[in-house]
Amino acid sequence: MPEISWELFHHQVAACALCPLHQGVRNKVPGQGDVGAPLMLIGEGPGQVEDEEGLAFVGPAGQLLTRMLAAISLPRDRVYICNIVKCRPPNNRVPTEEEAAACRIHLRMQTALIRPQVIVLLGSTAAKNILGPEIRITRDRGRWFERKGVLFLPTYHPSALLRDPARKREAWEDMQRLRDKLTELNLYPDIYGGTP
Ligand code: URA
């Protein structure tokens with residue numbers, strides 16, 4: 001791999017024309033947060049507000065995500081948040097496999113720069129893209145998956161929780177699992193305390 005850096009990453013996303021999505025955007029949404037975080041969260045793709053602001057998860061789904069993290073005492077600025085695709089798909093449709101595949105070089109580079117130990121996959125698109133097409137979010141959410149030493153937790157996308165609040169109980173269970181794992185691995189000792 002060539003020398004990678006955040007400068008190169010942001011330049012490559014800004015210049016990217018690997019799929020047609022770049023044609024319709026107001027802003028690309030590379031992702032943001034603590035670049036040294038042990039925890040990364042990956043969503044699907046920018047929505048309208050994200051496209052307007054150039055930031056991931058700042059619209060209604062993002063506000064719910066902020067509250068979900070706060071419920072386990074995690075300030076948003078202590079995690080890194082991004083999406084499978086960095087450009088808003090028209091009318092918020094699900095990104096195609098080709099679009100997700102084209103964008104993978106960007107996700108790979110940012111994951112290599114952050115080197116998170118735990119990754120939360122928000123929704124079916126993120127879970128299938130990262131863990132494989134056989135993943136079913138309703139069946140596999142809340143289970144830990146391990147790939148190359150990194151732990152992955154698929155859970156519902158916050159937009160799905162806004163549409164169907166009955167799923168919030170399961171999402172809350174997933175957040176508790178996340179908190180327990182971060183505690184066990186001692187990844188946020190200032191928040192959860194050290195392991196005994
Ligand atoms: N939904 C996503 O998947 N990502 C965002 O950034 C916002 C909404």
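Every number for a ligand or one of its atoms is a count from 1 in the order of the listing.
Considering only heavy atoms from C-beta on, E173 comes within 4.5 Å of R141 through its side chain.
With side-chain heavy atoms closer than 4.5 Å counting as contact, directly or through intermediates, the hydrophobic cluster containing L55 also holds V49, V58.
Near ligand 1, residues G43, E44, G45, E50, A56, F57, N83, H157 come within 4.0 angstrom through at least one heavy atom.
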When the side chains of residues 14-25 are checked against the rest of the protein, which donor-acceptor pairs come out under 3.5 Å, sequence neighbours left out?
from	atom 1	to	atom 2	distance (Å)
H22	ND1	C19	O	2.7

Practice item. Could you walk me through whether K86 and E50 pass side chain to side chain contact (heavy atoms under 4.5 Å, CB included), step by step? Key: CA-CA 10 Å; K86 314 307 188 205; E50 290 77 18; over 6 Å; no
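Annotation: side chain to side chain donor-acceptor pair (under 3.5 Å) contacts of D51 (sequence neighbours excluded): none.
Checked for salt-bridge contact, E170 and R167 miss the test: no charged N lies under 4.0 Å from a carboxylate O.
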